[in-house]
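See below for the structure under consideration.
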Amino acid sequence: MQGFDANIVSRIRERSAAMERRGEPEAWLLEKIYDEKLFKLFVPRELNGLGCGLPEALRVFERMAWIDGSLGWLVTIGAGGGFFAGTLPERPAAKLFAGREAVLAGSGMPTGTARKIDGGYIASGRWRYCSGATFATFFTANCQLEGEQDAAGGAKIRSFAFLPEQVRIVRDWNPLGLRATASHTIEVSGAFVPEERMFDIASPPRYSDPIFRYPFLPFAQASFAAASLGMARHFLDECREFAAAKADEWRAASPRRLAALERTVDEWMEALSVSAARFYDFVDSTWKTFAAEGSLPDAAWREIGSRSQETAAAARSASEAAFPLLGMAGLRYDEPLCRTWRDVHTVTQHSVLLPENGD
């Protein structure tokens with residue numbers, strides 16, 4: 001990440017409010033991402049990617065999210081798309097992933113249908129929350145295959161890769177936070193997709209890299225947890241800077257409030273560090289085992305999910321603890337205090353980071 005030095009971090013943060021209002025990253029920031037190949041962290045080197053393992057990528061996700069929440073989310077999701085390079089057939093994978101600006105947007109929800117014809121399929125559907133939709137070079141989405149069943153007797157579901165000219169973007173992304181991620185709905189109507197651009201993410205990967213054999217759910221949970229950690233740390237950094245700026249005024253007028261804010265920030269910075277160490281230690285150690293042996297016990301996969309959810313919960317709790325002490329300053333929508341708080345609460349709302357029992 002040589003291109004993301006202190007000067008670039010400052011520039012990104014200075015432009016964050018403008019990008020949020022725009023709803024997507026500015027062109028110069030995308031160029032930085034392309035230069036650093038951040039959308040291609042997992043793409044194999046033979047396809048002009050970086051071929052990273054999961055532990056290294058998680059640190060990248062956290063740092064990008066610490067710089068800016070929307071940046072972190074776009075890099076996390078964009079890089080995660082490289083996961084599919086291992087299951088797309090070889091020729092379309094090379095064509096779709098090799099380019100400098102290659103990045104996909106899409107959805108895992110099976111809200112489309114596809115009908116078999118000679119040479120491929122006719123696909124239609126509508127998919128929500130496709131982050132990076134406005135600059136994606138291709139799209140992937142899941143469809144139910146008409147007239148085909150899986151082994152359990154349910155609808156057979158397969159993934160399809162669509163070209164930009166086959167996709168209509170419905171600009172409906174209007175969330176609490178992560179507003180500069182262009183996470184719009186996409187629609188496809190009667191698009192022909194050749195058979196080679198249909199794939200099954202559960203099929204054996206063509207590459208030996210461990211990342212392509214890693215189960216998708218713990219992969220997503222760990223990735224999103226790292227991003228939530230970075231966003232929460234940014235929020236607490238903003239709170240600390242705010243307390244320093246208000247120190248002289250509050251020592252005279254509200255000394256107890258100043259002390260409470262400073263104490264809360266320090267305590268939650270430490271709590272996040274403890275949560276991060278617990279999260280990374282387990283992901284790192286299990287990654288080594290998985291890379292060497294090719295498998296992990298089911299209990300280990302569940303533990304990765306649990307620690308990811310614990311990390312996200314700590315990020316959310318840190319923001320909730322400090323926010324009431326900010327007063328009206330925390331409500332100014334374009335200000336970093338509010339934006340970083342909103343980003344934390346948006347990323348930690350993702351379903352894979354929420355315990356199924358609601359606890």
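The structure displayed is predicted, hence computed values, not measured ones. Any value given below was found using the heavy atoms of this structure, including those in side chains, with hydrogens, waters and symmetry copies removed.
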Within a strict 4.5 Å, meaning less than it, do heavy atoms of the [X] and [Y] side chains meet?
X	Y	answer
Val75	Leu71	yes
Trp127	Val188	yes
Phe219	Ser223	yes
Tyr121	Leu145	yes
Ser183	Leu178	no
Tyr280	Pro55	no
Phe61	Ile77	no
Leu41	Val60	yes

Just by distance, do the side chain of [X] and the backbone of [Y] share a donor-acceptor pair under 3.5 Å?
X	Y	result
Arg45	Leu50	yes
Lys40	Leu47	yes
Ser228	Thr348	no
Asp209	Ile211	no
Arg126	Gly112	no

(request) Test Glu148 against Arg158 for salt bridge (charged side-chain N to carboxylate O under 4.0 Å, His left out), laying out the working first. (result) CA-CA 11 Å; Glu148 299 187 44; Arg158 290 293 181 266; over 6 Å; no

(message) For a ring-ring contact (aromatic ring centres under 6.0 Å, His included) check, start with the C-alpha distance between Trp250 and Phe242, then their side-chain angles and the critical distance, and finish with the verdict.
(response) CA-CA 11 Å; Trp250 283 12; Phe242 175 75; 5.6 Å; yes

Which heavy-atom pair separates [X] from [Y] by the least distance, and what is that distance?
X	Y	value
Ser308	Ala225	O-CB, 3.5 Å
Gly330	Leu337	CA-CB, 4.5 Å
His184	Arg171	ND1-CA, 3.3 Å
Val43	Gly82	CG2-CA, 3.9 Å
Gly108	Asn142	O-ND2, 2.7 Å
Val347	Leu353	O-CD1, 3.6 Å

[X] with [Y]: basic N within carboxylate O range, under 4.0 Å:
X	Y	value
Glu262	Arg257	no
Arg179	Asp343	no
Lys95	Glu196	no
Arg307	Asp281	no
Glu62	Arg233	yes
Asp248	Arg251	yes
Lys156	Asp150	no
Arg128	Asp172	no
Glu14	Arg11	no

Within a reach of under 6.0 Å around [atom1] of [X], are more than 12 heavy atoms found that belong to other residues, nucleotides or ligands?
X	atom1	answer
Arg206	CZ	yes
Glu90	CD	no
Lys116	NZ	yes

(request) Take Thr181 and Trp73, measure what side-chain hydrogen bond (donor to acceptor under 3.5 Å, both in side chains) needs, and give me the verdict at the end. (result) CA-CA 7 Å; Thr181 60; Trp73 184 251; 4.9 Å; no

Aromatic rings [X] and [Y]: how do their planes relate, parallel, tilted or perpendicular, breaks at 30° and 60°?
X	Y	result
Phe97	Phe138	perpendicular
Phe83	Phe216	perpendicular
His234	Trp66	tilted

With the 4.5 Å side-chain cut-off for hydrophobic clustering, are [X] and [Y] part of the same group?
X	Y	result
Tyr34	Phe4	yes
Tyr333	Met328	no
Val167	Leu104	no
Phe279	Phe282	yes
Phe160	Ile122	no

(request) Check step by step if salt bridge (charged side-chain N to carboxylate O under 4.0 Å, His left out) holds for Glu20 and Arg15. (result) CA-CA 9 Å; Glu20 181 175 82; Arg15 297 297 302 164; over 6 Å; no

(message) Assess the residue pair His345 and Ser319 against the criterion (side-chain hydrogen bond (donor to acceptor under 3.5 Å, both in side chains)); give the C-alpha distance rounded to whole Å, side-chain angles, the decisive distance to 0.1 Å, and a yes or no.
(response) CA-CA 8 Å; His345 280 265; Ser319 68; 3.0 Å; yes

Mind checking the [atom1]-[atom2] spacing from [X] to [Y]? Nearest 0.5 Å is all I need.
X	Y	atom1	atom2	answer
Glu187	Phe162	CD	CZ	12.0 Å
Phe199	Leu88	CZ	CG	4.5 Å
Arg256	Leu261	CZ	CG	14.5 Å
Gln166	Ser189	CD	OG	11.0 Å
Arg59	Leu54	CZ	CG	9.0 Å
Thr140	Arg197	OG1	CZ	12.0 Å

(message) Go through it in stages, so that I can follow the logic: the residues are Leu326 and Cys239, the test is side-chain contact (heavy atoms from CB on, under 4.5 Å), and I'd like the CA-CA distance, side-chain angles, deciding distance and then a yes or no.
(response) CA-CA 8 Å; Leu326 301 175; Cys239 290; 4.0 Å; yes

(message) Given the ring of Tyr207, does Arg213 sit roughly above its face, with NZ or CZ under 6.0 Å from the centre of the six-membered ring and within 45° of the axis?
(response) no

(request) Measure from NZ or CZ of Arg339 to the centre of the six-membered ring of Phe235 and say whether it is under 6.0 Å with the direction within 45° of the ring axis. (result) no

(request) Apply salt bridge (charged side-chain N to carboxylate O under 4.0 Å, His left out) to Arg22 and list each qualifying residue two or more places apart in sequence or on a separate chain. (result) Glu24

(request) Verify ring-ring contact (aromatic ring centres under 6.0 Å, His included) between Tyr214 and Trp301, making sure each step is shown before the conclusion. (result) CA-CA 10 Å; Tyr214 208 84; Trp301 296 123; 4.9 Å; yes

